[in-house]
Amino acid sequence: MRIIGSLFGLFGLTIRRIVDLAADRFGRADGDAFLTIGDHPVLLPPKLAVLIEQQLASPGLPVDGVPTRG
């Protein structure tokens, strides 16, 4: 719930938009982490970036109780 809640609270993303995000929308540059929403990369807080990286490293694990799409 922490990733979903953070994306909803910080960026106002709807659940539908969060579910539709693909792993390639996350990236790092110069030590900062970004999530590309639409055509716009947005800077992520470091703790949220770590949570996302942990989830991407273990794609078979459920996200907040919802199985991920491999």
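Residue numbers count from 1 along this sequence. Values below: all heavy atoms of this structure, side chains included; hydrogens, waters and symmetry mates excluded.
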- Is Phe34 reachable from Phe11 through a run of I, L, V, M, F, W or Y residues, each pair having side-chain heavy atoms under 4.5 Å apart? no
- Measuring from Leu7:CG to Ile52:CD1, what's the distance to the nearest 0.5 Å? 5.5 Å
- Co-membership, hydrophobic cluster, residues Leu21 and Val42, 4.5 Å side-chain: yes
- Pro45: side-chain contact (heavy atoms from CB on, under 4.5 Å) partners, not counting sequence neighbours: Leu10, Leu48
- Kindly check if the number of other-residue, nucleotide or ligand heavy atoms within 6.0 Å of CZ (Phe8) is above 12? no
- Arg17: what forms a side-chain contact (heavy atoms from CB on, under 4.5 Å) with it, not counting sequence neighbours? Leu13, Thr14, Ile37
- Indicate the atoms forming the closest heavy-atom contact of Phe26 with Ala49, along with that distance. CZ-O, 4.0 Å
- Query: Linking I/L/V/M/F/W/Y whenever any side-chain heavy atoms sit under 4.5 Å apart, do Leu35 and Val19 land together?
  - Reply: yes
- Treat each ILVMFWY residue as a node, draw an edge where side-chain heavy atoms are under 4.5 Å apart, and state whether Val50 and Leu43 are in one component. no
- Query: For Thr36, does its backbone N or O pair with a side-chain atom of Arg25 as donor and acceptor, under 3.5 Å?
  - Reply: yes
